Amino acid sequence: MHNLDLFKEQISSSSPKKIIITTHYKPDADALGSSLGMANYLKKKGHEVLVVTPSDYPSFLNWMEGNDEVVNFEDKDKKKWVGEKIQDADIIFCLDFSCLSRLQEMGDLVKSSKAFKVNIDHHQDPEDFAEFTYWSTKAAATCELVFELITMVGDKDLLDQDIAECLYAGIMTDTGGFKHPNTTKNIHLVTAELIGLGADNAKIARLIYDTNSLNRLKFLGFALTRRLEILEDCQTAYFAISKKDLRKYDSRTGDTEGLVNYALSLDGVKIAALFTEKKDGVKISFRSAEEVEVNKFAATHFKGGGHKNAAGGVSDLNMKETIQKFEYLIRENKHILFNQLELINEKNQ
Ligand code: 5GP
Ligand code: MN
């Protein structure tokens with residue numbers, strides 16, 4: 001933690017600033033919740049704030065306060081205007097990501113802007129691109145860090161129900177509904193404060209988890225019966241979803257979110273993957289249990305990264321070749337991937 005005074009000075013109400021807040025491609029609840037939570041706070045401090053996402057995001061997030069003013073950079077009519085806003089900004093907040101490549105096309109624009117850059121994140125291996133960084137891999141969610149930072153600068157009294165609900169959403173989803181090992185004492189304390197501020201936890205859970213379309217549920221049934229493969233000798237299970245499958249169920253952004261967890265929920269499975277065919281390759285989500293580190297696997301073999309138990313990557317090969325590569329690598333690296341687990345088990349015996 002450094003330069004808190006410099007950050008405080010930058011966001012001081014005494015000199016209103018033009019602020020852009022952005023987050024990673026295909027934002028999830030932590031990405032959007034931290035962005036809108038921060039935006040609502042900075043607006044209360046008197047700043048002019050614009051939230052720009054590098055892509056669209058699932059409709060189950062659009063209840064958050066400020067959602068209607070979010071600009072999607074992929075919206076052709078807005079691209080030029082957003083580019084000018086980025087060049088003209090005094091401060092750019094980059095939330096829930098640490099590598100500018102996760103902004104895709106927007107990355108170069110942010111990099112070349114003269115704005116004071118702030119990076120708040122909990123992913124591994126951050127790039128050093130910001131003037132102020134508040135970063136910890138120990139944090140369960142970027143929303144947790146946003147809460148802490150606002151508290152540290154002495155503005156806790158500016159938090160309200162709208163901000164609390166945005167932050168609660170990110171914490172709820174990034175902890176897998178308070179199930180993952182990142183569900184610490186601190187995250188419960190922060191969550192208690194958010195509920196104290198009026199965050200309606202039951203309402204948010206319903207808005208995020210219980211607003212499925214019938215197509216999405218049918219797609220889930222189809223994926224579970226027809227697209228789930230198991231590598232029993234490797235404690236691994238995966239889904240491979242083609243463009244045709246997505247079209248058949250009129251798939252929308254967010255419809256595949258959470259699917260990979262069904263593969264991991266199988267008894268005995270420690271590594272799960274979801275392969276989704278895109279226009280220009282295959283997008284991959286990895287999940288793992290216990291000590292198995294999928295982020296290193298994703299970084300080494302699939303140009304990706306992430307957290308120990310939840311990572312992602314991409315493949316330029318077609319689906320069949322990608323699956324072949326994955327199966328080969330899992331078998332080849334079985335001992336490395338499971339080694340730590342075995343060591344720990346041995347130690348505990
Ligand atoms: P998801 O599977 O939910 O898309 O992503 C899980 C986690 O993996 C994210 O929180 C993010 O940390 C990481 N991740 C996903 N895709 C990528 C990627 O293409 N590159 C990197 N570096 N990390 C990714
Ligand atoms: Mn996050």
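Start at 1 and go down the list; that is how both ligands and their atoms are numbered. Values in this document were obtained by computation on a predicted structure and should not be read as measured data.
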S.K.: Going by atom types alone, do Ser315 and Thr322 pair a side-chain donor with an acceptor below 3.5 Å?
M.R.: yes
S.K.: Are there any protein N/O/S atoms under 2.8 Å from the Mn ion (ligand 2), and if so, which?
M.R.: Asp30 OD2, Asp96 OD1, His122 NE2, Asp174 OD2
S.K.: So, Asp155 and Lys44, do they make that salt bridge, N to O below 4.0 Å?
M.R.: no
S.K.: So which residues, sorted by chain and number, lie with a heavy atom under 4.0 Å of ligand 1?
M.R.: Arg102, His123, Lys283, Ser285, Arg287, Gly304, Gly305, Gly306, His307, Ala310, Ala311, Gly312, Gly313
S.K.: In terms of side-chain geometry, is the basic nitrogen of Glu321 or Lys325 positioned less than 4.0 Å from the acidic oxygen of its partner?
M.R.: no
S.K.: So, the side chain of Lys85 versus the backbone of Ile20: is there a donor-acceptor pair under 3.5 Å, distance only?
M.R.: no
S.K.: If we ignore hydrogens and angles and just use 3.5 Å, is the side chain of Arg227 paired with the main-chain N or O of Phe239 as donor and acceptor?
M.R.: no
S.K.: Are any side-chain N or O atoms of Asn119 and backbone N or O atoms of Ser98, one a donor and one an acceptor, separated by less than 3.5 Å?
M.R.: no
S.K.: For the CG atom of Leu246 and the CG atom of Asp255, what is their distance to the nearest 0.5 Å?
M.R.: 8.5 Å
S.K.: Decide whether Ile19 and Leu6 are clustered together by the hydrophobic rule: side chain heavy atoms of Ile, Leu, Val, Met, Phe, Trp, Tyr closer than 4.5 Å, transitively.
M.R.: yes
S.K.: Using modelled atom types and a 3.5 Å cut-off, is there a donor and acceptor pairing between side-chain atoms of Asp75 and backbone atoms of Asn72?
M.R.: no
